[in-house]
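Note sheet for the following structure.
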Amino acid sequence: MSRNEHFVAPVQGDELVVDRLAIDAKRSNLWLDAWRDMRRRPLFWVASVVALVIVVMAIVPQLFTNVSPLGGACQLLNSNEGPAPGHPLGFDKQGCDIWSRIAWGSRTSVVVGLLATVIGTVIGLVMGALAGFFGGWIDALLSRLGDIFFTIPYIIAAIVVMTVVPKDERTVLVLAFAIGGFSWASIARIVRAEVLRVKQADFVMASTALGMGRFKTLLVHVLPNSIAPLIVVATLSLGNNIVAESVLSFLGVGLGGGTISWGADISQAQSVIRTAPMSLIWPSLALTLTVLAFIMLGEVLRDALDPKARALR
């Protein structure tokens, strides 16, 4: 055998071995993996069902009660009375049906909480994305601005804002801006950190090298790959903002015009807690279940969107 020749073993029948890639028949990406993980967890379904019921109740409370929660249907003769036919939870201090006020009060809490979350998330997304992607003096300026807002308790700031606003001008949008306009700093920090991580990826550098503008690169490549932590934080913030609305209503600086709110009902019921504790317990329980449902959803999302957490389970 010459020096340039190589020995090749003969191949017989099925003895040929070929390296193959094991291709999973199921498509796999971050969101599909997260969905497969969430749907196996009972906590996800419990939280989803409770949150869905609350949202449907907020949209169409008429499906849950045909009793008016307003003053025309309230009779002082029924003040603090217990359950009666057609009134499963009894009556409050003003003789109004407690279940009806809970059903209609969900609209205020959910709408204000949702709007405040959207406002805070949008502001935090813009601030964090610009600071993390462009860096330099933009990062320094926006980060210091975020630090200032981070040191201000957003509920106290909202109390001050709503105290200044006249009662007849306290609309849902004003209240949502009062809450969301001061709660964006923590979201901006998370977005900034995620953008700093993603912008170092090879595909981002490649898009820049191919001539794509920096702002377009941010919108097309960086933000879509930085959105997962934002969704988790927004879900958790929704529960916190619902609590904030109830706190403001409890203190008498929430929505004006006799708007039905769980916080206002809790405030009214505190004066009769000894004689009629259920008028305080029922709206408090509704608020607790709502906030707990959204917080549990946020926790499940956080674990599902974190590959490291999935690997440890």
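These numbers were taken from a predicted model, which means no experiment stands behind them.
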- Message: So does Arg36 get a backbone contact from the side chain of Arg40, meaning a donor-acceptor N/O pair under 3.5 Å?
- Response: yes
- Task: Hey, could you give me the CE/CD distance between Met296 and Glu299, rounded to the nearest 0.5 Å?
- Result: 10.0 Å
- Item | Donor + acceptor pair across side chains of Ser271, Lys93 (<3.5 Å) | yes
- Message: Nearest 0.5 angstrom please: Thr217 OG1 to Met205 CE, how far?
- Response: 12.0 Å
- Note on the structure: Here the gap from Phe250 atom CZ to Leu287 atom CG, rounded to the nearest 0.5 Å, amounts to 11.5 Å
- Query: His87: what forms a side chain to side chain donor-acceptor pair (under 3.5 Å) with it, not counting sequence neighbours?
  - Reply: Asp97
- Query: Please, which pairs that meet salt bridge (Lys or Arg N to Asp or Glu O under 4.0 Å) have at least one residue in residues 141-152, sequence neighbours excluded?
  - Reply: Arg144-Asp147, Asp147-Arg189
- What distance separates Thr290 OG1 from Leu285 CG, expressed to the nearest 0.5 Å? 9.0 Å
- Nearest heavy atoms of Pro69 and Cys96, plus distance in Å: O-SG, 4.1 Å
- Query: In Å and rounded to the nearest 0.5 Å, what is the CG to CD1 distance from Asn240 to Ile179?
  - Reply: 11.0 Å
- Query: Is the backbone of Ile260 close enough, under 3.5 Å, to the side chain of Arg101 for a donor and an acceptor to pair up by distance?
  - Reply: no
- Message: Does atom CZ (Phe177) have a neighbourhood of more than 12 heavy atoms from anything else shown, all under 6.0 Å?
- Response: no
- Got Ser226 and Val222 here, is their nearest side-chain heavy-atom distance under 4.5 Å? yes
- Could you tell me whether a side-chain N or O of Asn66 sits under 3.5 Å from a main-chain N or O of Gln62, the two making a donor and an acceptor? no
- Go through the steps for Met278 and Ile281 under the test side chain to side chain contact (heavy atoms under 4.5 Å, CB included), then give the verdict. CA-CA 5 Å; Met278 299 309 295; Ile281 291 175; 3.8 Å; yes
- Task: State plainly whether one hydrophobic cluster holds both Ile273 and Leu89, where clusters connect Ile, Leu, Val, Met, Phe, Trp and Tyr through side-chain heavy atoms under 4.5 angstrom apart.
- Result: yes
- Can you tell me if CZ on Phe203 sees more than 12 non-hydrogen neighbours from other groups inside 6.0 Å? yes
- Asp202 atom CG, neighbour heavy-atom count above 12 within 6.0 Å: no
- Message: If I compare all heavy atoms of Ser249 with all of Ser261, which pair ends up nearest, and what's the gap?
- Response: OG-OG, 3.1 Å
- Task: Determine yes or no for a side-chain-to-main-chain donor-acceptor pair under 3.5 angstrom, with Thr259 supplying the side chain and Leu255 the backbone.
- Result: no
- Is there a side-chain contact between Val161 and Phe182, using heavy atoms and a 4.5 Å cut-off? yes
- Under a 4.5 Å side-chain heavy-atom rule over Ile, Leu, Val, Met, Phe, Trp and Tyr, are Val247 and Leu289 clustered together? yes
- Could you tell me whether the side chains of Glu245 and Thr108 share a donor-acceptor contact shorter than 3.5 Å? no
- Show your reasoning for whether side chain to side chain contact (heavy atoms under 4.5 Å, CB included) applies to Trp262 and Trp282. CA-CA 9 Å; Trp262 291 340; Trp282 288 124; over 6 Å; no
- Within the side chain of Ser246, is there an N or O that forms a donor-acceptor pair under 3.5 Å with the backbone of Ile242? yes
- Note on the structure: Shortest non-hydrogen pair, Ala293 vs Ala47, comes out as O-CB, 3.6 Å
- Task: Spell out, as yes or no, whether a donor-acceptor pair under 3.5 Å connects the side chain of Ser279 to the backbone of Asp92.
- Result: no
- Note on the structure: Ile152 and Ala157 have their tightest heavy-atom pair at CG2-CB, 3.9 Å
- What's the shortest heavy-atom distance between Arg107 and Ala58, and which atoms? NE-O, 2.9 Å
- Task: Dump the intermediate steps for side chain to side chain contact (heavy atoms under 4.5 Å, CB included) on Leu297 and Ser48, then the final yes or no.
- Result: CA-CA 7 Å; Leu297 273 179; Ser48 297; 3.5 Å; yes
- Task: Taking all non-hydrogen atoms of both residues into account, name the closest pair between Phe149 and Gly181 and its distance.
- Result: CE2-O, 3.7 Å
- Message: To the closest 0.5 Å, what do you measure between CD (Gln94) and CD (Gln75)?
- Response: 12.0 Å
- Task: Apply side chain to side chain contact (heavy atoms under 4.5 Å, CB included) to Ser186 and Ile190, showing your working.
- Result: CA-CA 7 Å; Ser186 59; Ile190 294 173; 5.5 Å; no
- When you measure from the side chain of Ser109 to the backbone N and O of Ser106, does any donor-acceptor pair fall under 3.5 Å? no
- Message: Tell me whether Val232 shares a hydrophobic cluster with Val291, the cluster being built from Ile, Leu, Val, Met, Phe, Trp, Tyr side chains joined at under 4.5 Å.
- Response: yes
- Taking the side chain as C-beta and beyond, is there a heavy-atom pair between Trp99 and Phe64 under 4.5 Å? yes
- Message: Quick check: do Ile102 and Ile98 have side-chain heavy atoms less than 4.5 Å from each other?
- Response: yes
- State whether the side chain of Arg170 and the backbone N or O of Leu175 hold a donor-acceptor pair below 3.5 Å, judged by distance alone. no
- Message: Count I, L, V, M, F, W, Y as connected when their side-chain heavy atoms are under 4.5 Å apart, and connections chain through other members. Are Ile295 and Leu43 then in the same cluster?
- Response: yes
Could you list the donor-acceptor pairs under 3.5 angstrom formed by side chains in residues 113-141, with sequence neighbours left out?
from	atom 1	to	atom 2	distance (Å)
Thr117	OG1	Gly113	O	2.7
Thr117	OG1	Asn241	ND2	2.9
Thr121	OG1	Thr117	O	2.6
Asp139	OD1	Ser143	OG	2.8
Asp139	OD1	Arg192	NE	2.8
Asp139	OD2	Arg192	NH2	2.8

- Message: For residues Val220 and Leu196: do they belong to one hydrophobic cluster (side chain heavy atoms under 4.5 Å, members Ile, Leu, Val, Met, Phe, Trp, Tyr)?
- Response: no
